[in-house]
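Notes for the one structure printed next.
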Amino acid sequence: MKYDVAVIGGGPAGMIAAVRAGKLGSRVVLIEKNESLGSKLLMTGKGRCNITNKRGELKEIINRFGKNGKFLFSAFSKFGADETIKFFESKGLKTKVERGGRVFPVSDKSIDVLDVLIKYLRRFHVDVKTNSQVKKIIKKRNRIEKIILANGEEIIADNFIICTGGKAHPITGSTGDGYKWAAKLGHTVIELSPSLVPIIVKERYVKDIEGLSLKNVEISIYKDNKKINSRFGEAIFTANGMSGPIILDMSKEIGEELPGNLVMQIDFKPALDFVKLDKRIQRDFQKNSKKLFKNSLNQLLPKKLIPVIIRLSGIDPDKKANSITKEERRKLLHLLKEFNLEIKGLEGFKKAIITTGGINLNEVDHKTMKSKLIDNLYFAGEILDLDGPTGGYNLQVCWATGYIAGECNK
Ligand SMILES: Cc1cc2nc3c(=O)[nH]c(=O)nc-3n(C[C@H](O)[C@H](O)[C@H](O)COP(=O)(O)OP(=O)(O)OC[C@H]3O[C@@H](n4cnc5c(N)ncnc54)[C@H](O)[C@@H]3O)c2cc1C
């Protein structure tokens, strides 16, 4: 069977492209090598799927993508956060806006987002081929003639949309196949690197606090004792370092400074300055005067963190709280406001959220997502040289570019 549109990759970009093309009356095939669609989509937002972000005007949103953001002006004008929300709401998915403009399904379940897309793929009679790995793309003159699957099947179509994603979390199927095909077809692939990645630190004891999540903390990064960045928000300790929104968002800048003498400093109590925190601690110690030091920090710190702070403070854990000296309190204060971890490096693609680099945007028409080099080829989603911060921006790229690429047969 000959299709009007063949979409390669059943992630968010590929699914919305196929839905849009199907809605416009095209005969569409969606080809996915995994057993099922949207493996990575299911993992997004810790299983809650942060669909998009609606904080600020279009210009501000675009600025969050750095220098390549301007490529998105046309796509986001046509299919921005409001259109994404409308798209899903009109198909029965209720959404809500959380802190920082982050949009989630009301159900807090990414599977509900996937279910909507699958339902509409069916409604528009998209031929979904799972367990189907694209092996080769055959070009004749300046057009893609056909694609060949691992089982030898040939797929012929008028237009082809490559939505194979990046290289982050390859376990989900995003192994970077599309970059290789694009390069063979003459496209430039801007150097790929993992982005929004957890940080690895030198201190081994973080393993003891693995999984401890922190809210309302301030984390600053120092290079050669000079502060280079600082963020307020949420973070989490991992087996060998730290992750979470503020860490991931600073990881790109940290990567650019590595190797180097980099230190991450956590302020566990940013709302209180040294003086106020000292008073608060003194009050706690007086209230708990009969308690031992090791049992007197429960109001101040998360339970998991207490043994580490006690150990690093050098204060005898069995000392009575009211006999702790000023000097010992000073050490404790220092740990609570200036908890230093030495940055060793960044995790790789395996643990990255997104890929920096990708198909050179100069070779793609920003209004249609059409290749400027191959007549019937389109790109959408993470494969493009676009990467935003955490907060729903990266899925918004998929929805917008996928929707527009899906109009290729219009
Ligand atoms: C843990 C995690 C959490 C995230 N959370 C969020 C979030 O909350 N909000 C947000 O905005 N972004 C989030 N992201 C980023 C977001 O998931 C990606 O930007 C998005 O999934 C990219 O979509 P895509 O369709 O371009 O590619 P992908 O989702 O990577 O899909 C590509 C598909 O192509 C298939 N494929 C690859 N090669 C072939 C081949 N040869 N033949 C056939 N099929 C092939 C793959 O199997 C895969 O299913 C998160 C990412 C991760 C890893």
Side-chain angles (χ1 to χ4, degrees), residues 6-18 29-53 64-65 81 84 98 100-105 108 110 113-114 117 128-137 147-151 153 155 160-182 194-198 243-245 248 347 349-356 358-359 369 379-384 386-403 405:
V7 182
I8 312 174
M15 286 188 281
I16 198 165
V29 60
L30 174 62
I31 306 156
E32 167 57 50
K33 70 176 172 186
N34 288 337
E35 245 171 49
S36 53
L37 300 172
S39 297
K40 191 178 279 180
L41 181 66
L42 286 177
M43 295 173 76
T44 56
K46 292 193 192 131
R48 297 172 63 218
C49 189
N50 183 186
I51 304 170
T52 186
N53 193 297
R64 295 184 194 125
F65 287 86
T84 296
E98 293 192 359
R102 291 162 196 250
V103 180
F104 291 88
D108 284 327
S110 53
V113 179
L114 181 59
L117 292 164
V128 176
K129 287 181 185 291
T130 50
N131 282 318
S132 302
Q133 184 180 12
V134 172
K135 274 286 185 197
K136 253 190 193 164
I137 299 195
I147 53 184
I148 300 177
L149 305 187
N151 65 4
E153 192 183 340
I155 307 273
F160 294 82
I161 311 176
I162 300 184
C163 306
T164 44
K167 289 180 82 174
H169 272 68
I171 195 166
T172 60
S174 323
T175 44
D177 299 10
Y179 300 126
K180 288 178 215 147
W181 305 328
S195 197
L196 300 182
V197 273
S243 186
L248 297 176
E347 296 280 7
F349 280 115
K350 240 175 160 177
K351 293 194 176 164
I353 300 291
I354 196 100
T355 308
T356 292
I359 306 297
M369 303 301 138
F379 296 100
E382 194 177 324
I383 191 168
L384 293 162
L386 290 164
D387 61 286
T390 59
Y393 299 100
N394 293 303
L395 279 176
Q396 180 55 40
V397 168
C398 298
W399 308 133
T401 57
Y403 186 89

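Whatever order the structure lists ligands and atoms in, that order sets their numbers, starting from 1. In this text, all values refer to a predicted model and were calculated from it rather than measured experimentally. We number each residue from 1, following the sequence as shown. FYI, side chains are in, hydrogens and waters are out, and symmetry mates aren't considered; it's all heavy atoms of this structure.
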Tell me, please, which residues at least two apart from Y403 pass ring pair (Phe, Tyr, Trp, His ring centres under 6.0 Å).
F79
Donor-acceptor check, side chain of N53 to backbone of G100, threshold 3.5 angstrom: yes or no?
yes
Is there a donor-acceptor contact under 3.5 Å linking the side chains of K351 and S243?
no
When you compare the side chains of D177 and T164, does any donor N or O come within less than 3.5 Å of an acceptor on the partner?
no
Student check: side-chain heavy atoms of V397 and E382 closer than 4.5 Å
no
Test item: N151 and S132 side chains (from C-beta on) under 4.5 Å apart, heavy atoms
no
Check ligand 1 for close polar pairs with the protein: N or O on both sides, less than 3.5 Å.
residue, atom, partner, partner atom, Å
ligand 1, 5 (N), G45, N, 3.1
ligand 1, 8 (O), G45, N, 2.9
ligand 1, 8 (O), N50, N, 3.3
ligand 1, 9 (N), N50, O, 3.0
ligand 1, 11 (O), G392, O, 3.4
ligand 1, 11 (O), N394, N, 3.4
ligand 1, 11 (O), L395, N, 2.7
ligand 1, 19 (O), E382, OE1, 3.2
ligand 1, 25 (O), P12, N, 3.3
ligand 1, 25 (O), A13, N, 3.0
ligand 1, 26 (O), E382, N, 2.9
ligand 1, 30 (O), S174, OG, 2.7
ligand 1, 41 (N), V134, O, 3.2
ligand 1, 41 (N), D177, OD2, 2.7
ligand 1, 42 (N), V134, N, 3.0
ligand 1, 44 (N), K33, N, 3.1
ligand 1, 47 (O), E32, OE2, 2.6
ligand 1, 47 (O), N34, ND2, 3.4
ligand 1, 49 (O), E32, OE1, 2.6
ligand 1, 49 (O), E32, OE2, 3.2

